[in-house]
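Presented below is the structure to which this report refers.
Start at 1 with the first residue, then count along the sequence. All values below were derived from every heavy atom in this structure, side-chain atoms included, with hydrogens, water molecules and symmetry-related copies excluded. Here the structure is a predicted model, which means the values were calculated and not measured.
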Amino acid sequence: TWKTLMLQDSASPLMEQLMFFHDHTMMILIIITILISQMLISMIFNKFIHRYLLEGQLIEMIWTILPAITLILIALPSLRLLYIMDELNNPMISIKSIGHQWYWSYEYSDYKNLSFDSYMIPTSELKPFNFRLLEVDNQMIIPFKTHIRLIVTSADVIHSWTIPSLGIKIDGTPGRLNQANMYINRTGIFYGQCSEICGANHSFMPIMIESISP
């Protein structure tokens, strides 16, 4: 909705992990910010006088080692997530998404001749319960709790296929195939938009996924 400030509710295990990682990193950042702010304020409002203070090797060692440990605590879960997001084991369905100016077309390559274009519904044709700039005439329909391979490419310029609630953002590059994995753990309709500035109507090529029971 219009007043949403945080991330969208997750609809996949990957997005759940990304949200946990986000909270983990933000917690570390908040602790560091409070600590440094307190130290700065205390130094501004106090006068520290020590005639013979030239060096403090112990404190310097501590404030070198502690940030290094903090960075490791952020880097390890981040790398783990990166490798999990790249992994693709035995997908049950492969779907190819092709970006055009300014619409998407989908090919269900496991079936013969199953492909369609997905255009945004113009504002003048919207029903009262539709979302403006997000509804399409032919949405991508996929089963939930199924491993899906998504292959993304483009026919003209660079596009970006994005569904925030699934934690997917993948570039569609002309002459190149990029692949991502999807696993949706609930039914529903999920929206996204092209996240690459691909021309005048860039903001008018939405993505709409309908997740249904197999």
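By the 4.5 Å heavy-atom criterion applied to side chains, I142 and I95 are counted as neighbours. You'll find the side chain of S165 stays beyond 4.5 Å of the side chain of M15, heavy atoms only. A heavy-atom distance below 4.5 Å is not found between the side chains of N138 and D117. Using a 4.5 Å cut-off on side-chain heavy atoms (C-beta onward), S12 and M182 make no contact. S115 is not listed as a side-chain neighbour of Y106, based on a closest heavy-atom distance of 4.5 Å or more.
Distance check, rounded to the nearest 0.5 Å: OG of S78 to CG of L73 gives 12.5 Å. Note that CD1 of I72 and CG of L79 are 11.5 Å apart. Values are rounded to the nearest 0.5 Å. Atom OH of residue Y119 and atom CE of residue M205 lie 10.5 Å apart, to the nearest 0.5 angstrom. Between the CD1 atom in I69 and the OG1 atom in T64 there is a gap of 11.0 Å [rounded to 0.5 Å]. Taken from CD in Q193 to CG in L134, the straight-line distance is 5.0 Å, to the nearest 0.5 Å. With values rounded to the nearest 0.5 angstrom, K96 atom NZ is found 5.0 Å from E107 atom CD.
Pairing each heavy atom of P164 with each of Y191, the nearest pair is CD-O, 3.5 Å. Here the closest heavy-atom approach between residue I168 and residue N181 is recorded as CD1-O, 3.9 Å. Summarising the geometry of L81 relative to Q17, their closest heavy-atom pair is CD2-CB, 3.6 Å, with the distance given to 0.1 Å. The shortest heavy-atom contact between I189 and E210 is CG1-CG, 4.0 Å. Residues I148 and L88 approach most closely at O-CD1, 4.4 Å, considering heavy atoms. Taking every heavy atom of both residues into account, M85 and G167 meet most closely at CE-O, 3.9 Å.
A donor-acceptor pair under 3.5 Å links the side-chain atoms of T33 to the main chain of L29, judged by distance alone. Side chain of T146 to main chain of F144: a donor-acceptor pair is present (N/O by atom type, distance under 3.5 Å, no hydrogens or angles). In this structure, N178 contributes its side chain and V152 its backbone to no donor-acceptor pair below 3.5 Å. For W161 (side chain) and I207 (main-chain N/O), no donor-acceptor pair under 3.5 Å exists by modelled atom type. Here the side chain of H202 pairs a donor or acceptor atom with the backbone of E196 at under 3.5 angstrom. A distance-only check finds no donor-acceptor pair linking the side chain of T153 to the backbone of P174 [under 3.5 Å]. Without hydrogens or angle criteria, R186 side chain to S10 main chain gives a donor-acceptor distance under 3.5 Å. The backbone N or O of F131 sits less than 3.5 Å from a side-chain atom of E135, completing a donor-acceptor pair. Looking only at distances, no side-chain donor or acceptor of N201 sits under 3.5 Å from a matching main-chain atom of W102. T187 places no side-chain N or O within 3.5 Å of a backbone atom of I212 that could act as its donor or acceptor partner.
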Item to check | Trace of the side chain to side chain contact (heavy atoms under 4.5 Å, CB included) decision for T173 with S154 | outcome: CA-CA 5 Å; T173 313; S154 168; 5.8 Å; no

Next on the checklist: Could you walk me through whether L150 and S97 satisfy the side chain to side chain contact (heavy atoms under 4.5 Å, CB included) test, starting with their C-alpha distance in whole Å, then the side-chain angles of each, then the deciding distance to 0.1 Å, before giving a yes or no?
Outcome noted: CA-CA 7 Å; L150 182 74; S97 172; 4.3 Å; yes

Item to check | Full working for side chain to side chain contact (heavy atoms under 4.5 Å, CB included) between W104 and H159 | outcome: CA-CA 10 Å; W104 295 96; H159 298 282; 3.7 Å; yes

Checklist entry - Given the rule in the side chain to side chain contact (heavy atoms under 4.5 Å, CB included) test, do L18 and L7 qualify, once you have shown the distances and angles that lead to the verdict? => result CA-CA 10 Å; L18 286 167; L7 301 166; over 6 Å; no

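Linking ILVMFWY residues whenever their side-chain heavy atoms come closer than 4.5 Å, directly or via other members, places F190 and M140 in the same cluster. Hydrophobic clustering, with ILVMFWY side chains joined whenever heavy atoms are under 4.5 angstrom apart, groups I93 together with I163. Two different hydrophobic clusters hold I197 and M120 under the rule that ILVMFWY side chains link at heavy-atom gaps under 4.5 Å. Taken together through direct or relayed side-chain contacts under 4.5 Å among Ile, Leu, Val, Met, Phe, Trp and Tyr, I84 and F21 form part of one hydrophobic cluster.
Side-chain polar atoms of T123 and R132 form no donor-acceptor pair below 3.5 angstrom.
The 12-atom threshold is not exceeded at CG of D9, counting heavy atoms of other residues, nucleotides or ligands nearer than 6.0 Å. Within a 6.0 Å sphere centred on CG of L66, heavy atoms belonging to other residues, nucleotides or ligands number more than 12. E60 CD: more than 12 foreign heavy atoms inside a 6.0 Å radius.
Ring pair H147/Y183 is tilted by interplanar angle, where 30° to 60° counts as tilted. Note on ring orientation: taking the six-membered ring where Trp is involved, the planes of Y108 and Y111 are tilted (angle from 30° to 60°).
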